[in-house]
Amino acid sequence: MQQSKLIRWGIIGVGDVCEVKSGPAFYKAKDSQLLAVMRRNGTKAKDFASRHQVPHWYDNAEALLANPDIDAVYIATPPAQHKDYALAALKAGKHVYIEKPVTLNAKQCDELIEAQKTAATKVVVAHYRRHVPCFLKVAELLKNGAIGRPLMVQIDTLQPAASDIISSSEDNWRVNPEISGGGLFYDLAPHQLDLILQWFGPVVSAQGLSVNQQQHSAADDCTHGWACLQNSLILQGRWHFAVQAQQTRDVCEVIGSDGKLSVNFFGEQVIRLENAQGTQEFMINNPEHIQQPFIEQVNAYFRDERDNPCRVSEARAVMALMDCFAHR
């Protein structure tokens, strides 16, 4: 039997998110090797490489992309740099795995989509929650008709300004719209809206508004959105990142013709199902490295063993809905 091709990875932007959520998955997944890491702070890049037994480290992306032994690049920088690094990686002949949000806005995706048409390599966007076990279970319940025909979806993400579900960073770039795209809404909503579009289909119409009520930063802290998806399903979402701690809320509620399903998006997920058979709860633990199941699918795609687990065009649809909700 022919042995599967080893995918040799480099990471551009090896920051805190790479410590547990994603980084170790590149050397723990089958037929996958983390060959090099890059961070502009060379001391921190070297430290990461030493602790994770990574052979090479760099303090500039050009040097990493010039390494002929690297097959694929994970772009884990802030969003403002995603497009340019992705284009450079494609030009260097590397496969690309790019963090969410894929770009600063939907319009920026178009240049990446065009570049991919003539590239010899592939691009995947890190909407990894598609393969988190809890959300696979939600998809299974919906597909099997556990609540009948889905009619309405409500997303509530209400967090205090200092929330523990939001990754910390030294310079707090997530609340700088020029770097993040649009504050904490642009950091968290891609996870949620990608799953919604996966479960319920494309957007027919949408509208929204976004304001900066508490003025903790330059980014809007309050976003509301409404959309009609296929089959006349109605989506309503509200996001606020400056409420009092006692108002904290993280839930997605799906009301169907024969029942109701709810699940939280962050932390340890719990699914609550209510229908004619009664009430059931499913608590499904996250993987140690939450991106690993998806990274295994990415590796399989790069080896031509499956189709693309998340196309740039799919990520663009998420960005377009976010831009609409943020009234941009």
Legend entry - Sequence-distant partners of Asn286, side chain to side chain donor-acceptor pair (under 3.5 Å), two or more places apart: Gln269
Legend entry - side chain to side chain donor-acceptor pair (under 3.5 Å) involving Arg149 - partner list, sequence neighbours excluded: none
Inset, instruction - Given salt bridge (Lys or Arg N to Asp or Glu O under 4.0 Å), test Lys117 with Glu114 step by step and report yes or no. - result: CA-CA 5 Å; Lys117 290 179 181 178; Glu114 283 301 310; 2.8 Å; yes
Legend entry - Residues, nucleotides or ligands: over 12 heavy atoms within 6.0 Å of Glu178 CD: no
Legend entry - Steps toward salt bridge (Lys or Arg N to Asp or Glu O under 4.0 Å) verdict (Arg8, Asp71): CA-CA 5 Å; Arg8 299 166 298 180; Asp71 304 304; 3.0 Å; yes
Legend entry - Closest non-hydrogen atom pair between Gln213 and Cys222, with its separation: OE1-CB, 3.9 Å
Inset, instruction - Run through the side-chain heavy atoms of Ile, Leu, Val, Met, Phe, Trp and Tyr, join any pair under 4.5 Å, and report what else lands in Val243's cluster. - result: Leu158
Legend entry - Distance-minimising heavy-atom pair for Met319 and Pro101: SD-CB, 3.6 Å
Legend entry - salt bridge (Lys or Arg N to Asp or Glu O under 4.0 Å) against Asp110, all qualifying residues, sequence neighbours excluded: Arg316
Inset, instruction - Answer yes or no for Lys122 and Tyr301: cation-pi contact, defined as NZ/CZ to six-membered ring centre under 6.0 Å and angle to ring axis within 45°. - result: yes
Inset, instruction - Identify the heavy atoms of Ala227 and Ala206 that sit nearest to each other, and give their distance. - result: CB-CB, 3.9 Å
Inset, instruction - Check whether more than 12 heavy atoms from other residues, nucleotides or ligands sit under 6.0 Å from atom NZ of Lys260, and answer yes or no. - result: no
Legend entry - Selection residues 181-222 - residue pairs positive for ring-ring contact (aromatic ring centres under 6.0 Å, His included), sequence neighbours left out: Tyr128-His191, Phe185-Trp239
Legend entry - Over all atoms of both residues, closest heavy-atom pair of Gly42 and Asp59: CA-CB, 3.9 Å
Inset, instruction - Would you mind listing the cluster partners of Val211? Hydrophobic ones only (ILVMFWY), side-chain contacts under 4.5 Å, chaining allowed. - result: none
Inset, instruction - Compare every heavy atom of Ala29 with every heavy atom of Asn299, then report the nearest pair and how far apart it is. - result: ND2-CB, 4.0 Å
Inset, instruction - Flag yes if more than 12 heavy atoms outside Lys91 fall under 6.0 Å of its NZ atom; otherwise flag no. - result: no
Legend entry - Co-members of Trp226 in a cluster of I, L, V, M, F, W and Y side chains, linked at under 4.5 Å: Leu209
Legend entry - Residues forming a side chain to side chain contact (heavy atoms under 4.5 Å, CB included) with Asn212, sequence neighbours excluded: Gln215, Asp220, Asp221
Inset, instruction - Could you check if a side-chain atom of Leu188 sits within less than 4.5 angstrom of a side-chain atom of Phe265, using non-hydrogen atoms only? - result: no
Inset, instruction - Mind checking salt bridge (Lys or Arg N to Asp or Glu O under 4.0 Å) for Glu281 and listing every partner two or more places apart, or none if nothing turns up? - result: Arg272
Legend entry - Shared-cluster residues of Val20, by chain and number - hydrophobic side chains joined below 4.5 Å: none
Inset, instruction - Assess whether atom CZ of Arg40 is packed by more than 12 heavy atoms of other residues, nucleotides or ligands within 6.0 Å. - result: no
Legend entry - Minimal non-hydrogen separation, Asp31 against Leu6, with atom names: C-CD1, 3.3 Å
Legend entry - Summary of ring-ring contact (aromatic ring centres under 6.0 Å, His included) pairs that have at least one residue in residues 71-90, sequence neighbours excluded: Phe26-Tyr74, Tyr74-Tyr97
Legend entry - Sidechain-backbone polar pair: Asn275 side chain, Gln277 backbone, donor-acceptor under 3.5 Å: yes
Legend entry - Where at least one partner belongs to residues 272-300, residue pairs that pass ring-ring contact (aromatic ring centres under 6.0 Å, His included), sequence neighbours excluded: His131-Phe294
Legend entry - Close side-chain approach of Leu151 to Leu233, heavy-atom, < 4.5 Å: no
Inset, instruction - Supply the atom-to-atom distance Arg303 CZ to Lys5 NZ, rounded to the nearest 0.5 angstrom. - result: 9.0 Å
